[in-house]
Amino acid sequence: MMKTAYDIVIRPIITEQSMEDLDIKKYVFEVAKDANKVEIKKAIEEIFDVTVIKVTTINVNGKSKRQGAYPAGKTASWKKAVVKLSADSKNIELFEGMA
């Protein structure tokens, strides 16, 4: 089965750190764990109608969590993608007004 762009890009990551890079057109997204850089690039370009020049990915490990004695659990592991847009590409509106 072919994955759609919306299966690959899960949500934008809105943090102080990710907001700092908006002026240099870097955006941060949570993406599907099995997605590769080419798929992520195509998905972002399709959804937001922008030109992506670079994608870096990071696998984020889940943290240990506990409530009470046990069982100690873990939060889910996930994959983060930092997407750099070309200079002439329009901004992604989702992030407007946040910074």
Hey, could you give me the CE/CG distance between Met19 and Asp21, rounded to the nearest 0.5 Å? 9.5 Å

With distance as the sole test, does Lys84 use its side chain to make a donor-acceptor pair with the main-chain N or O of Tyr27 at under 3.5 Å? no

May I ask you to decide if Gly62's main-chain N or O and Thr75's side chain share a donor-acceptor pair within less than 3.5 Å? no

Can you tell me which residue among Asn36, Asp7, Ile40 is in a side chain to side chain contact (heavy atoms under 4.5 Å, CB included) with Val31? Ile40

Val38, Ile44: one ILVMFWY side-chain cluster at the under-4.5 Å cut-off? no

Could you tell me which residues satisfy side-chain hydrogen bond (donor to acceptor under 3.5 Å, both in side chains) with Asp34, sequence neighbours excluded, listed by chain and number? Lys3

Nearest-0.5 Å distance that lies between atom OG1 in Thr15 and atom CD in Glu20: 8.5 Å

Within a reach of under 6.0 Å around NZ of Lys26, are more than 12 heavy atoms found that belong to other residues, nucleotides or ligands? no

If every non-hydrogen atom of Ala87 is compared with every non-hydrogen atom of Lys25, which pair is closest and at what distance? O-NZ, 3.5 Å

Would you kindly confirm whether Ile24 and Leu85 end up in one hydrophobic cluster when ILVMFWY residues are joined by side chain heavy atoms under 4.5 Å apart? no

What distance separates Ile8 CD1 from Lys42 NZ, expressed to the nearest 0.5 Å? 9.5 Å

If you round to the nearest 0.5 Å, how far is CG of Asn61 from OG of Ser77? 5.0 Å

Just to verify, what does Ser86 make a side-chain contact (heavy atoms from CB on, under 4.5 Å) with, not counting sequence neighbours? Thr51, Ile53, Asp88, Ser89

For the atom pair NZ (Lys79) and CG (Asn59), what is the distance rounded to the nearest 0.5 Å? 5.5 Å

With distance as the sole test, does Glu45 use its side chain to make a donor-acceptor pair with the main-chain N or O of Val52 at under 3.5 Å? yes

Pair Phe29, Ile10 - check side-chain contact (heavy atoms from CB on, under 4.5 Å), show working. CA-CA 7 Å; Phe29 294 93; Ile10 298 170; over 6 Å; no

